[in-house]
Amino acid sequence: MNEALFTANNLWIMIAAVLVFVMHLGFAALEAGFVRRKNTVNILFKNVMIISIGLLTYYILGFNLMYPGGDPGGFFGFAGFGLSMPEGAAGLIEYADGGYTYWTDFIFQAMFAATCCTIVSGAVAERIKLGPFLIFCVLFVSLSYPITGMWKWGAGWLDELGFYDFAGSTLVHAVGGFGALAAIILLGARKGKFTKEGINPIPGHNLPLAAIGVFLLWFGWFGFNGGSVLSGDAGAVSLVFVTTALSAAAGIMGSFVTSYILFKSHDLSMVLNGCLGGLVGITAGADLMSPMEAIAIGFIAGIIIPFSVVMFDRLRLDDPVGATSVHLICGIWGTLAVGLFGDLAGIAQIGYQIIGIASIGAFTFTFAFIVMYVLKITMGIRVSEEDELKGLDIAEHEMSAYPDTNIGVENYAMSIQ
Amino acid sequence: MNEALFTANNLWIMIAAVLVFVMHLGFAALEAGFVRRKNTVNILFKNVMIISIGLLTYYILGFNLMYPGGDPGGFFGFAGFGLSMPEGAAGLIEYADGGYTYWTDFIFQAMFAATCCTIVSGAVAERIKLGPFLIFCVLFVSLSYPITGMWKWGAGWLDELGFYDFAGSTLVHAVGGFGALAAIILLGARKGKFTKEGINPIPGHNLPLAAIGVFLLWFGWFGFNGGSVLSGDAGAVSLVFVTTALSAAAGIMGSFVTSYILFKSHDLSMVLNGCLGGLVGITAGADLMSPMEAIAIGFIAGIIIPFSVVMFDRLRLDDPVGATSVHLICGIWGTLAVGLFGDLAGIAQIGYQIIGIASIGAFTFTFAFIVMYVLKITMGIRVSEEDELKGLDIAEHEMSAYPDTNIGVENYAMSIQ
Amino acid sequence: MNEALFTANNLWIMIAAVLVFVMHLGFAALEAGFVRRKNTVNILFKNVMIISIGLLTYYILGFNLMYPGGDPGGFFGFAGFGLSMPEGAAGLIEYADGGYTYWTDFIFQAMFAATCCTIVSGAVAERIKLGPFLIFCVLFVSLSYPITGMWKWGAGWLDELGFYDFAGSTLVHAVGGFGALAAIILLGARKGKFTKEGINPIPGHNLPLAAIGVFLLWFGWFGFNGGSVLSGDAGAVSLVFVTTALSAAAGIMGSFVTSYILFKSHDLSMVLNGCLGGLVGITAGADLMSPMEAIAIGFIAGIIIPFSVVMFDRLRLDDPVGATSVHLICGIWGTLAVGLFGDLAGIAQIGYQIIGIASIGAFTFTFAFIVMYVLKITMGIRVSEEDELKGLDIAEHEMSAYPDTNIGVENYAMSIQ
Amino acid sequence: MKKIEAIVRLQCFDEVRDALAMIGVEFFSLKEVKGYGLQKGETMVYRGSIYGKDYIARLQIDILATDEKADQIVKTILTSARTGEVGDGKVFVLDVEQVYRIRNGETGENAL
Amino acid sequence: MKKIEAIVRLQCFDEVRDALAMIGVEFFSLKEVKGYGLQKGETMVYRGSIYGKDYIARLQIDILATDEKADQIVKTILTSARTGEVGDGKVFVLDVEQVYRIRNGETGENAL
Amino acid sequence: MKKIEAIVRLQCFDEVRDALAMIGVEFFSLKEVKGYGLQKGETMVYRGSIYGKDYIARLQIDILATDEKADQIVKTILTSARTGEVGDGKVFVLDVEQVYRIRNGETGENAL
Ligand SMILES: Nc1ncnc2c1ncn2[C@@H]1O[C@H](COP(=O)(O)OP(=O)(O)O)[C@@H](O)[C@H]1O
Ligand SMILES: Nc1ncnc2c1ncn2[C@@H]1O[C@H](COP(=O)(O)OP(=O)(O)O)[C@@H](O)[C@H]1O
Ligand SMILES: Nc1ncnc2c1ncn2[C@@H]1O[C@H](COP(=O)(O)OP(=O)(O)O)[C@@H](O)[C@H]1O
């Protein structure tokens with residue numbers, strides 16, 4: 001391999017890492033937009049902390065848990081604390097067959113890692129205590145995520161089995177979604193969300209912020225999926241760009257049509273979630289699909305979103321930003337789609353995909369549930385009812401996101417949204 | 001051509017596509033910032049739908065209308081529905097002389113396509129009905145834009161003639177602007193904008209959002225213009241970066257000076273438009289100009305903006321975001337500038353530029369006018385007066401962009417801004 | 001050097017320039033979020049003008065002052081007005097040993113230049129007059145910044161001495177910080193900030209905007225530091241990415257822990273500043289540090305931030321956005337850290353670093369102080385008390401950033417924040 | 001002297017203001033209030049669930065006037081703010097003991 | 001007729017509204033006010049400095065009622081808005097001369 | 001007992017509040033109102049067109065006080081809120097029938 005190709009390849013993975021970094025801003029904006037103004041500082045604070053925790057713990061522990069580099073096919077491995085560049089050229093051109101350097105590898109993977117906590121952060125918004133949540137994040141991102149990640153991307157048993165998950169519909173998104181599910185089960189719904197009279201929507205306080213978040217997530221997703229080619233290979237990366245973009249576009253269309261049929265409404269929050277659903281859906285097989293198949297996958301993801309949102313509401317599982325619908329349900333859908341569409345489609349593959357989802361789901365849900373449960377019975381995970389009424393910004397941060405605007409009564413009175 | 005150079009070239013065009021994608025966020029933010037808060041959800045919704053419609057229709061139809069690949073010099077051609085990667089290496093390194101792959105070609109062009117509708121979206125804001133607007137977009141982006149695009153970029157008759165439009169001052173921006181002009185003529189002004197007492201400004205509700213939009217548009221413009229080199233050629237792309245940046249900077253300065261002289265005011269909305277004017281202006285000849293010429297083009301564009309805004313107001317053509325001034329007037333200016341400055345300057349070239357603008361303008365305006373007119377007499381294109389008063393967010397979406405803040409009386413009473 | 005490697009190298013520096021461009025949006029958003037709503041248009045206007053002034057003056061004057069290309073080791077040099085591409089290949093592949101083209105060099109450096117004024121802009125917010133501030137910017141960015149920049153990056157005397165400043169902890173950030181310090185000394189504090197009763201915090205009006213700004217700054221910093229490698233060298237750039245990201249993460253953690261210990265609070269504005277502190281801190285030695293050293297540097301920067309903010313408050317120096325703490329204090333810290341950690345650490349290096357900081361600081365502070373002082377005694381630099389009360393948006397721009405929302409009494413009454 | 005408090009629809013405000021100006025009343029204070037009454041707020045949809053606000057945004061106009069003028073003002077408001085639909089609002093009249101103009105300390109009718 | 005103005009805590013509003021509904025009062029206007037009194041606003045922290053707002057956000061409920069009904073309404077508010085902590089607020093009763101329903105011009109008790 | 005309603009300039013509020021505190025009045029409610037009167041809002045410019053707001057933002061201070069205290073309060077406001085320019089605002093005094101403190105049900109002067 002010549003140096004020029006190596007430089008170009010590595011350049012792409014570095015840029016992809018930067019794009020994945022922007023997804024943290026995307027999540028922060030989306031989640032901030034979808035909560036009430038009285039909880040805005042809190043959600044931003046959590047998202048800033050998560051990226052810090054994600055990078056630091058991945059440096060200390062996560063990277064070497066996820067890519068232990070032992071014999072293939074295992075369940076667990078650990079290559080030691082911290083990072084150390086392999087000697088000589090092995091750290092550069094020879095490290096990954098000219099795809100990228102050791103440092104590039106780390107930074108690209110580290111940017112992925114924090115994502116799983118950001119997904120949880122949205123689902124538990126407006127009622128979780130800050131301290132326990134941060135402890136949960138440390139454990140989730142430094143242990144749970146890399147262990148299941150290793151099963152596939154670290155050449156573990158699922159990889160050997162034939163499970164396929166290109167850029168992480170399951171390994172990243174559904175993992176975040178299973179964590180979120182465990183958390184919201186233990187946490188309970190926000191006050192006033194479910195009353196005897198029925199479901200009481202609690203609209204987000206700033207939809208432009210949410211829309212900015214979704215566009216930035218899509219922007220970053222070109223790096224998330226495109227970088228997962230793990231080289232700058234022109235044909236492969238550009239195909240991934242096409243499938244990713246078309247699936248997102250189809251996700252918007254799918255949720256537009258479905259929400260109109262179901263609710264006779266043009267709900268911005270639904271098409272935003274539909275867009276993300278399409279992106280999550282294509283993630284597992286972005287390199288395997290034709291454009292038409294990508295559109296099909298995205299469109300179905302878009303259809304799923306409104307149904308899934310309603311389903312979680314009916315189950316009285318309260319998820320302010322729709323993280324479980326987007327990341328868990330569409331993550332599962334996308335992973336299954338690899339068995340239904342594209343180059344690998346087939347009965348056997350469907351089986352592998354189900355095994356992958358089920359095993360990772362079982363591990364992650366159990367891990368998250370136990371951690372949250374222990375935190376619940378020890379420190380408590382939920383703020384007091386009074387603090388919830390006041391808002392977490394005042395209660396946990398003694399700040400206000402927009403201190404010099406008038407505060408609407410909606411922020412305080414439970415029954416007037 | 002070696003693989004490394006191909007990879008680097010292709011990488012740049014892919015990254016340029018991602019940057020052009022960000023322009024959709026830029027437009028969404030700019031337009032949302034420049035409308036009243038009661039119409040914010042509506043404008044965001046439209047912009048999300050446009051990117052979906054743009055990508056999907058360009059996949060189905062547009063790409064093969066714009067680049068039919070038949071004999072050069074024609075007026076119309078169509079290479080069939082959908083996309084199919086050319087066989088073998090033709091789809092990769094040989095597809096475009098090592099510049100980019102087939103898929104990269106599609107995604108880069110597709111990101112451009114939706115832009116023309118986004119331009120219209122801003123001009124018709126705060127009063128158009130959602131349904132007819134989306135129908136207009138489907139037709140405009142899948143038929144009108146690619147047909148005139150083919151005349152030049154698809155090696156059609158204008159290309160053969162000698163018309164020059166590097167990255168689309170006319171093909172993209174003025175096309176959007178002509179569409180916008182047809183639409184606002186048929187639609188009429190917002191209630192309360194023009195009264196017997198004179199022109200009644202209706203200020204946008206969130207200037208930080210508008211400023212974010214402009215910065216993001218500039219950011220994306222490096223991809224819009226830089227990617228139009230259609231390879232990573234170091235000298236050509238870096239010159240385009242310099243001319244693009246200096247023209248934008250000069251556009252700011254031009255509108256700063258001019259607004260101060262004309263209105264004795266430091267109007268943020270004007271310098272933001274001036275910046276965009278400079279960007280649109282340089283787009284037709286970004287690869288032909290010296291830095292000094294780029295500054296001249298941008299500075300003149302910046303001077304044009306305040307005059308143009310006042311002119312449209314005097315003509316009682318209501319354009320909430322200044323899309324016609326920025327995209328139509330400065331698009332025409334930039335296209336003409338190719339005949340006045342830079343490597344191609346000359347009388348003959350001025351002639352070609354005028355023919356190009358006139359023919360594309362005539363086609364586009366007529367197309368847009370007919371489509372809008374038919375929609376107007378069938379479905380109606382304008383919301384009821386009551387809905388306009390309430391705002392499109394409530395009327396069309398039953399949502400509010402900032403549901404838990406107090407609504408100022410300004411949103412309802414017509415005569416108090 | 002082959003063309004492919006040159007293309008890849010140049011591509012990276014161009015992309016880095018685009019990322020540095022985004023930092024201007026980051027600064028604009030951060031500063032807008034940290035001022036009161038009545039001064040929002042003003043700060044956005046200033047930041048739009050700064051990028052225009054920065055690019056244009058750097059084209060006319062700055063570039064050739066900073067890189068005069070005379071004999072090494074000097075104090076001052078000037079290579080003539082304007083830009084002219086060196087003849088033949090010297091402008092392309094041979095210009096910088098295949099690292100980038102002449103135009104790329106200019107655009108990358110030009111994007112840096114405007115940064116120093118943006119830093120000042122935040123510190124003087126909410127009370128400076130627009131006109132004098134813009135004059136200050138013109139002089140600061142076209143004379144002061146390039147002269148001290150030349151001492152090191154233009155192969156001047158500090159470079160020969162052995163002073164090291166990889167991407168500008170001192171040359172860019174501390175320079176901006178010294179300018180800010182001179183300005184706020186001459187300008188005085190905002191009305192109501194320091195009263196007999198003590199320090200009266202004046203919280204920023206839109207923390208989500210500030211958070212977006214910080215994330216975008218971090219995003220851009222990958223280009224700021226990564227591009228300073230001045231080629232796409234895989235090993236070097238990817239190491240810089242890792243140290244930059246880990247230092248930022250550690251800066252967040254450092255300020256999180258310190259603010260909690262000092263103030264028992266989880267102050268979002270502090271962790272945002274901590275993140276920036278970590279970024280500024282690593283900038284001088286991003287290419288010299290191991291990951292662990294980068295974490296140490298960032299963590300210490302994060303600890304410094306809350307102390308520094310309190311210190312400036314005690315000194316009654318009013319800096320609404322914390323620019324002096326972030327850019328001046330952490331800039332100095334980062335420059336010193338090159339002598340304490342990493343490949344160059346040593347007593348002699350500490351000496352060089354101190355000489356560099358002291359000489360650049362002395363020059364810059366003196367320059368800024370004199371310019372501001374002359375402006376103060378001629379035009380006056382501070383708005384009237386009444387205008388400060390009304391807000392600069394109305395007073396200087398006759399606009400309002402959010403015209404159709406109610407204005408809280410907080411905006412007018414001094415003693416109720 | 002009387003204090004007239006009128007609670008009217010947002011969209012009627014322009015008309016009321018113009019009608020008042022016609023009879024020479026150009027001085028008043030305006031407050032934004034949330035009205036609870038027969039008419040409720042708009043029905044909204046969010047993420048598939050329908051909800052409504054109990055209240056509806058309204059404007060309260062406070063006018064101080066002499067006893068003679070008060071009647072005319074009330075009549076003007078009653079006509080100009082009327083749509084005939086439920087939710088048009090109310091007008092209340094209260095007695096005021098004294099009025100002062102801060103600028104010059106004038107009191108009584110001179111201060112109006 | 002009487003005008004009752006009650007200044008209550010934000011978090012008590014739901015209870016007051018429900019209690020009023022129980023005694024048949026479903027018509028009123030709501031204003032957001034800033035209350036200055038014994039109770040101050042929340043303590044806030046910004047960049048290491050502690051500060052507090054002098055005031056606290058409160059709601060003012062305005063109810064027009066007949067003389068007989070007024071007493072019952074006041075009692076209902078007094079009970080439903082009480083927490084017993086400093087800062088519970090006040091209720092004032094003013095006399096109203098006349099009330100008009102804009103929709104149909106009805107006056108007096110019919111207009112309530 | 002009296003209810004004093006003072007409509008003052010935003011920028012005078014601090015002074016009024018301090019002056020009231022000096023005479024022992026630390027209890028009141030504050031509302032933001034839009035004032036229509038001789039003084040109009042700031043002139044604004046947007047995209048080359050000049051426009052102005054008809055109204056100007058003002059604060060309304062509501063104070064309940066005993067009959068004796070009322071006079072002193074009015075005087076204090078008249079002095080502390082005066083700039084002498086058009087637009088200084090008004091003070092109105094209304095009669096109040098009864099006042100209740102919600103916290104403990106006290107009435108009359110005790111409740112103030
Ligand atoms: N008894 C009352 N006390 C105070 N305000 C009232 C009262 N009744 C009605 N209002 C105000 O008048 C508005 C209109 O009343 P509503 O019952 O909806 O219609 P209508 O006036 O046509 O009967 C309400 O929203 C409320 O603001
Ligand atoms: N004299 C007064 N005039 C007007 N409003 C008052 C007066 N006294 C109290 N208030 C209002 O009542 C609220 C509660 O009063 P406060 O003194 O805090 O507690 P409490 O009512 O328990 O004595 C204040 O915030 C203010 O809005
Ligand atoms: N007749 C009135 N009824 C109610 N409010 C009034 C009346 N006249 C004036 N005001 C209020 O007082 C404010 C100041 O009045 P204005 O006429 O501008 O100046 P001045 O008080 O100096 O004569 C107005 O903005 C308005 O809020």
Side-chain angles (χ1 to χ4, degrees), chain C residues 33-36 189 192-195 197-205 207 210 255 258-274 304-314 316-326 406 408-410 412-417, chain E residues 3-17 20 26-64 77 81 83-94 102:
Chain C
F34 273 171
V35 302
R36 281 165 293 177
K193 167 81 187 184
F194 303 116
T195 56
E197 288 89 44
I199 298 157
N200 203 356
I202 302 180
H205 87 288
L207 293 190
S255 59
T258 312
S259 339
Y260 191 69
I261 293 173
L262 287 183
F263 318 123
K264 295 279 164 292
S265 82
H266 300 305
D267 184 333
L268 178 61
S269 80
M270 279 296 181
V271 298
L272 293 175
N273 274 177
I304 290 173
I305 288 289
F307 284 101
S308 171
V309 166
V310 169
M311 179 192 78
F312 281 107
D313 270 356
R314 294 268 165 86
R316 306 225 145 195
L317 291 171
D318 183 20
D319 175 353
V321 306
T324 43
S325 297
V326 167
N406 289 321
V409 59
E410 291 83 354
Y412 289 88
M414 271 290 118
S415 57
I416 15 171
Q417 294 308 336
Chain E
K3 182 179 184 211
I4 301 157
E5 302 188 4
I7 292 180
V8 303
R9 294 179 189 279
L10 293 168
Q11 55 270 45
C12 294
F13 172 71
D14 278 8
E15 224 160 306
V16 174
R17 193 197 45 179
L20 288 171
E26 297 192 330
F27 305 84
F28 54 89
S29 298
L30 193 68
K31 287 168 194 155
E32 293 170 32
V33 305
K34 294 180 162 57
Y36 285 73
L38 294 174
Q39 198 192 1
K40 305 293 173 194
E42 303 275 349
T43 300
M44 312 276 272
V45 179
Y46 186 73
R47 300 179 79 67
S49 303
I50 295 166
Y51 69 109
K53 293 187 195 283
D54 289 353
Y55 63 85
I56 187 162
R58 301 206 177 279
L59 294 174
Q60 175 179 328
I61 304 173
D62 288 0
I63 311 175
L64 274 279
I77 295 174
T83 68
E85 309 276 306
V86 162
D88 274 352
K90 314 267 172 201
V91 180
F92 318 134
V93 183
L94 287 84
I102 296 177

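Chain identifiers are assigned alphabetically (A, B, ...) following the order of the sequence lines, protein sequences preceding nucleic acid strands; residue numbering begins at 1 within each chain.
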Check whether any side-chain heavy atom of E/Arg47 lies under 4.5 Å from a side-chain heavy atom of C/Ser269, and answer yes or no. yes
E/Val45 and C/Asp267: which non-hydrogen atoms are nearest, and at how many Å? O-OD2, 4.4 Å
Shortest non-hydrogen pair, C/Pro201 vs E/Tyr51, comes out as CG-CD2, 3.4 Å
Answer yes or no: are there more than 12 heavy-atom neighbours, outside E/Glu15 itself, under 6.0 Å from its atom CD? no
Considering residues, nucleotides and ligands other than C/Phe307, do more than 12 of their heavy atoms fall under 6.0 Å from its CZ? no
Between the main-chain N or O of C/Gly204 and the side-chain N or O of E/Tyr46, is there a donor-acceptor pair closer than 3.5 Å? yes
